[in-house]
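Positions are given from 1 along the sequence.
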Amino acid sequence: MPNTTMDRTLLPKSLLFFVLFLFFTTATVAGAKDPGHPLQRAMLPREEKVARFRFYLHDVKSGKNPTSITIVKGSASIPFFGKVQMIDNVLTEGPELTSKQVGRCQGFYAYSAQQDIALLMDMNVVFTAGRYNGSTLSIMGRNSMLYKVRELPVVGGSGAFRLAQGYALVRTYLKDNSTGDVTVQYDVVVVHHRGQGSRPPITKSNAAGRGGKRRFRFYWHDVVSGKNPTSITIIKGAASTSSFGKVQMIDNLLTEGPELTSKQVGRCQGFYASAAQ
């Protein structure tokens with residue numbers, strides 16, 4: 001079986017993989033092998049900051065290049081229930097699609113209610129301009145479309161928003177009933193931390209960090225080949241693009257070293273989806 005480790009250099013740069021997973025450990029992952037060479041520690045909380053901002057999300061289903069596509073049609077007997085949309089939606093500063101672009105919202109939403117219209121939202125907000133350029137926020141929660149104002153939890157982030165938590169107040173700004181295109185206003189409040197910058201390399205003596213925090217390294221093997229692949233395609237995605245909307249179900253091995261034959265420390269179980277065009 002080929003040794004296929006997940007490395008950013010192996011992934012097409014045009015893709016952002018949206019990942020949900022659950023670790024089942026067969027050994028103590030926190031006790032995985034020390035890297036044995038300098039590795040800067042992640043930023044630790046130093047000072048809480050609060051960020052507030054507004055952007056507009058454009059869920060475009062029409063035209064030659066929709067940013068929201070159906071990857072699962074859902075139930076035939078219950079309208080919309082089970083339907084899943086993969087999105088790579090544009091975020092703008094103003095409500096017009098021609099307004100300044102500040103980022104993209106990549107992930108999916110699913111119709112998860114039988115008796116009303118409610119969505120399971122699971123998405124990454126990727127900032128591409130302004131002071132937060134390169135940073136992300138992760139939003140996950142229930143979006144009940146019957147309410148004028150909905151609240152979604154911000155459950156994490158990266159870059160400037162590392163260790164973030166907060167909420168987004170969501171309002172439908174404009175809906176085109178003929179095309180299904182929707183413009184949504186997001187008012188976001190995020191608590192995050194000012195980082196301390198570079199830290200000393202991780203060693204066995206300081207790996208626990210402050211406050212009992214642990215840092216560790218493992219290798220994730222995404223095997224799509226051979227007789228017993230641990231990563232299989234369950235949704236092929238859009239016909240017009242090479243991978244947008246494609247979903248892989250995984251039960252990938254986690255090992256202590258980069259070799260697939262290295263000591264196994266756990267498994268990564270869940271799925272990832274190609275959520276960028």
Side-chain angles (χ1 to χ4, degrees), residues 5-23 29-30 32 35 38-55 57 86-93 101-109 121-141 152-168 170 186-199 201-202 207 209-211 213-220 222 248 250 252 254 268 270-277:
T5 57
M6 191 65 170
D7 191 299
R8 293 180 67 88
T9 61
L10 300 179
L11 299 177
K13 293 182 180 179
S14 62
L15 300 183
L16 171 71
F17 285 94
F18 180 82
V19 184
L20 293 177
F21 54 80
L22 176 65
F23 291 119
V29 176
L39 179 67
Q40 288 186 344
R41 295 170 62 181
M43 289 190 299
L44 292 172
R46 182 180 182 183
E47 178 186 342
E48 278 194 350
K49 298 181 66 178
V50 179
R52 295 178 174 86
F53 45 85
R54 171 180 291 176
F55 56 77
L57 177 149
M86 186 65 68
I87 61 173
D88 184 14
N89 289 334
V90 172
L91 306 178
T92 58
E93 201 171 68
Q101 183 173 328
V102 296
R104 302 191 78 92
C105 183
Q106 300 171 327
F108 72 89
Y109 62 84
M121 310 288 294
D122 216 328
M123 56 198 190
N124 290 322
V125 173
V126 185
F127 294 95
T128 58
R131 64 182 298 186
Y132 301 123
N133 184 16
S135 298
T136 69
L137 286 174
S138 297
I139 297 177
M140 181 178 180
L152 295 174
V154 175
V155 297
S158 67
F161 297 118
R162 189 176 294 182
L163 303 178
Q165 58 182 348
Y167 64 91
V170 181
Y186 276 71
D187 291 295
V188 182
V189 178
V190 179
V191 179
H192 58 109
H193 301 274
R194 187 192 300 277
Q196 289 184 322
S198 298
R199 307 295 300 171
I202 292 178
R210 296 183 180 181
K213 295 182 176 65
R214 285 196 165 272
R215 293 164 180 82
F216 45 86
R217 172 178 293 176
F218 55 78
Y219 293 83
W220 186 77
D222 192 55
Q248 294 286 121
I250 61 173
N252 289 337
L254 307 177
C268 181
F271 69 87
Y272 63 80
S274 177
Q277 291 179 309

Over all atoms of both residues, closest heavy-atom pair of [X] and [Y]:
X    : Y    : value
A168 : V154 : N-CG2, 4.4 Å
I250 : W220 : CD1-CZ2, 3.6 Å
M86  : G107 : SD-O, 2.8 Å
H192 : R162 : CB-O, 4.2 Å
G141 : P153 : CA-CD, 3.9 Å

Straight-line distance of [X] [atom1] to [Y] [atom2], nearest 0.5 Å:
X    : Y    : atom1 : atom2 : answer
F161 : K49  : CZ    : NZ    : 9.0 Å
Y109 : N89  : OH    : CG    : 7.0 Å
L137 : Y186 : CG    : OH    : 12.0 Å
L152 : D122 : CG    : CG    : 10.5 Å

V102: what forms a side-chain contact (heavy atoms from CB on, under 4.5 Å) with it, not counting sequence neighbours? F55, L91, E93

Kindly determine whether R52 and V50 satisfy side-chain contact (heavy atoms from CB on, under 4.5 Å), including the steps that lead there. CA-CA 7 Å; R52 295 178 174 86; V50 179; 3.5 Å; yes

Within 6.0 Å of CZ in F53, more than 12 heavy atoms from elsewhere: yes

Please list all pairs meeting side chain to side chain donor-acceptor pair (under 3.5 Å) that have one or both residues in residues 127-137, counting only residues at least two apart or in different chains. T136-S158

Using distance alone, with no hydrogens and no angle criterion, decide if N124 and Q106 have a side-chain donor and acceptor under 3.5 Å apart. no

Yes or no on side-chain contact (heavy atoms from CB on, under 4.5 Å) for I87 and M123, after CA distance, side-chain angles and deciding distance? CA-CA 8 Å; I87 61 173; M123 56 198 190; 4.3 Å; yes

Heavy-atom side-chain contact between R104 and V90 under 4.5 Å: yes

